[in-house]
Amino acid sequence: WRQRADADLYAAKRRRRGLLPASLDTPEAEELLRAITDGELVLRYQPVVDLGTGALTGVEALVRWQHPERGLLPPSTFLPLAEATGVVDLLGARVLRAACHEVREWQRRTGTTAGVAVNVSGAELASPAYPGRVLRALADSGLSASDLVLEVTETAFAEAPTMTASLAALRAAGVRVAVDDFGTGWSTLSRLDQLPVDVLKLDKSFVDRVVPGEGCTPVVDAVLAMARALDLEVTAEGVETAEQVCALRDAGCDAAQGYHLQRPVPLEDVELSARLRTAA
Ligand code: C2E
Ligand code: CA
Ligand code: CA
Ligand code: CA
């Protein structure tokens, strides 16, 4: 992560100065930029489990700031600032490279075939350099394109329709694309059949409404039916109970992740045999 740190730092500073209102050129923004280039960002990984077989199919990379005084900080404490200042572009580039390298090394070490999902901000995708950056990260790490999922929020899809060209190009190279937080915006629904996507990540707010003894709600059943019709896979996020695992599996949901299966952990702590945890 430290490689090219100085060059990155100065380039990002210059870019930020040129683009930003002075009100955002704050000590906090400066500290975050330094943290990114000094390698204080670390990744945690949360397993994604196939509900049919109970096998680990992949992990989602989730960024944290290992702050020297304040400890391990969740993204909610620094992503909004990163987005507002444009630093999120540099942050995303670092996360992408680190995730590809760490997961490829983990595959070599453990023999697992699990891939990795990386969250992508709308700002990163808007850059014409984005597809090249992804392909370079794959080539440099040795990770196969089919082992990478790019998670793009519904909101980002709605705000930047031109980025679908970038995603289509990456899909042609074998990378997979997921709609993150699916169902929170509904803005993508009318053109879901035209978007370059492979996976829907069913937002936690839907999973929360799957309660013991009642199975899935009609809305979840409808999303699953629609996904089948469009040949999309569905991963449910934020699964916290065994009942939710069973109801989603019985309704035909492909995969799940959530605290019931495993919390986000350092890569070496990911359980390679997630099977047992899926049983009610
Ligand atoms: P997300 O992509 O929807 O990720 C899922 C979030 O839900 C994660 O929070 C995860 O720790 C949490 N989660 C997983 N299972 C459960 C559960 O069973 N119950 C509950 N209550 N929570 C669960 P986290 O790690 O704090 O990340 C928050 C958001 O920050 C992510 O939401 C994503 O939008 C964003 N994010 C994280 N890493 C990155 C990154 O590298 N780049 C970008 N652009 N955004 C990121
Ligand atoms: Ca995500
Ligand atoms: Ca979410
Ligand atoms: Ca499947």
Side-chain angles (χ1 to χ4, degrees), residues 1 32 35-36 40-49 58-66 71-100 102-103 115-127 130 133-134 137 148-157 159-160 163 176-185 197-210 234-245 248 255-267 269-270 274 277-278:
W1 291 50
L32 177 57
I36 296 168
E40 285 178 15
L41 296 189
V42 297
L43 295 176
R44 292 293 178 263
Y45 293 89
Q46 186 174 39
V48 179
V49 175
V59 291
E60 179 177 359
L62 295 159
V63 70
R64 305 284 182 263
W65 180 356
Q66 184 69 69
L72 196 65
L73 305 176
S76 56
T77 62
F78 60 89
L79 268 185
L81 180 64
E83 267 161 16
T85 56
V87 166
V88 72
D89 198 32
L90 181 61
L91 181 151
R94 293 306 182 97
V95 165
L96 175 72
R97 291 189 68 79
C100 289
E102 288 173 15
V103 168
V116 63
V118 174
N119 292 285
V120 184
S121 72
E124 287 178 84
L125 267 170
S127 158
Y130 187 72
R133 188 188 287 171
V134 174
L148 179 65
V149 179
L150 300 174
E151 297 195 358
V152 182
T153 62
E154 235 188 332
T155 325
F157 267 111
E159 281 168 4
M163 77 194 189
R176 305 204 311 143
V177 176
V179 183
D180 211 348
D181 299 337
F182 182 77
T184 55
V197 300
D198 307 277
V199 181
L200 301 181
K201 297 213 54 185
L202 186 67
D203 191 68
K204 184 179 186 305
S205 54
F206 293 97
V207 175
D208 286 344
R209 295 173 54 212
V210 178
V234 179
T235 297
E237 40 169 58
V239 173
E240 294 183 342
T241 67
E243 288 83 1
Q244 289 170 340
V245 169
L248 288 160
Q257 64 185 105
Y259 292 172
H260 177 69
L261 297 159
Q262 197 174 7
R263 287 182 179 250
V265 290
L267 197 48
D269 296 336
V270 168
R277 288 303 228 13
T278 62

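Indexing begins at 1, ligand by ligand and atom by atom, following the structure's order. Everything numeric in this text was worked out from a predicted model, so none of it was measured. Along the sequence shown, the residues carry numbers beginning at 1.
With rounding to the nearest 0.5 angstrom, the CG atom of Leu248 is 12.5 Å from the CZ atom of Phe206. Between Arg64 atom CZ and Arg44 atom CZ the span is 7.5 Å, to the nearest 0.5 Å. Note that CG of Leu91 is 7.0 Å distant from CG of Leu32, once rounded to the nearest 0.5 Å. Within the model, atoms OG of Ser205 and CD of Glu237 stand 8.5 Å from one another, a figure rounded to the nearest 0.5 Å. One distance of note links CZ of Phe78 with CD of Glu83; it measures 11.0 Å at 0.5 Å rounding. In this structure, the separation between CZ on Arg176 and CG on Asp198 is 5.5 Å, given to the nearest 0.5 Å.
Of the N or O atoms in Arg64, one or more lie within a sub-3.5 Å distance of an N or O in ligand 1. Geometrically, ligand 1 and Asp180 share a nitrogen or oxygen pair separated by less than 3.5 Å. Residue Gln257 places no N or O, backbone or side chain, under 3.5 Å from any N or O of ligand 1.
The shortest heavy-atom distance from Arg263 to ligand 1 is not under 4.0 Å. For Ser76, the closest heavy-atom approach to ligand 1 does not fall below 4.0 Å.
Remark: the Tyr259 side chain and the Gln46 side chain contain no N/O donor-acceptor pair separated by less than 3.5 Å.
With a heavy-atom cut-off of 4.0 Å, Gln46 touches ligand 1 through its side chain alone. Residue Asp203 does not touch ligand 1, judged by heavy-atom distances below 4.0 Å.
Tested against Thr77 for a side chain to side chain contact (heavy atoms under 4.5 Å, CB included), the candidates Leu81, Leu73, Leu79 yield a single pass: Leu73.
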Open item on the list: Does Thr153 form a side chain to side chain contact (heavy atoms under 4.5 Å, CB included) with Val120? I'd like the steps, not just the answer.
Closed with: CA-CA 8 Å; Thr153 62; Val120 184; over 6 Å; no

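In this structure, atom 3 (O) of ligand 1 lies nearest to the protein heavy atom Asp181 OD1, 3.3 Å. Closest protein heavy atom to atom 39 (C) of ligand 1: Val63 CG1, 3.6 Å. Among protein heavy atoms, the minimum distance from atom 36 (N) of ligand 1 is reached at Leu79 CD1, 3.6 Å. Nearest protein neighbour of atom 31 (C) of ligand 1, counting heavy atoms only, is Leu62 CD2, 4.4 Å. Looking at atom 28 (C) of ligand 1, its nearest protein heavy atom turns out to be Pro75 CG, 3.8 Å. Pro264 CG, 3.3 Å is the protein heavy atom nearest to atom 11 (O) of ligand 1. Here the protein heavy atom with the shortest distance to atom 18 (O) of ligand 1 is Tyr259 N, 2.7 Å.
Heavy-atom proximity to Glu240, at under 4.0 Å, picks out these atoms of ligand 1: 17 (C), 18 (O), 19 (N), 20 (C), 21 (N).
In summary, no N, O or S atom of Thr153 is located under 3.0 Å from the Ca ion (ligand 2).
The cationic atom of Arg133 (NZ for Lys, CZ for Arg) does not lie both less than 6.0 Å from the six-membered ring centre of Tyr130 and within 45° of the ring axis.
Counting protein heavy atoms under 4.0 angstrom from atom 34 (O) of ligand 1 gives zero.
In this structure the side chain of Val59 never reaches within 4.5 angstrom of the side chain of Val48, judged on heavy atoms. For the pair Phe157/Val197, a side-chain contact is recorded, criterion being any heavy-atom separation below 4.5 Å from C-beta on.
Looking at Gln244, its side chain does come within 3.5 Å of a backbone N or O of Thr241 through a donor-acceptor pair. For the pair Glu60 (side chain) and Asn119 (backbone), a donor-acceptor distance under 3.5 Å is absent. At least one donor-acceptor pair under 3.5 Å links the side chain of Glu154 to the backbone N or O of Gly183. A donor-acceptor pair is defined here as one N or O able to donate and one able to accept, closer than 3.5 Å; no such pair exists between the side chain of Glu102 and the backbone of Ala99.
Summarising the contacts of atom 1 (P) of ligand 1 with Glu151, Glu60, Arg44, the nearest heavy atom is found in Glu60. Ranked by closest heavy atom to atom 43 (C) of ligand 1, the top entry among Asn119, Val88, Val95 is Asn119.
Geometry at the Ca ion (ligand 2): OE2/Glu60 and OE1/Glu151 form an angle of 90°, nearest 10 degrees.
For the Ca ion (ligand 3), the neighbouring protein N/O/S atoms at less than 3.0 Å, given as residue and atom, are Asp181 OD1, Glu237 OE2.
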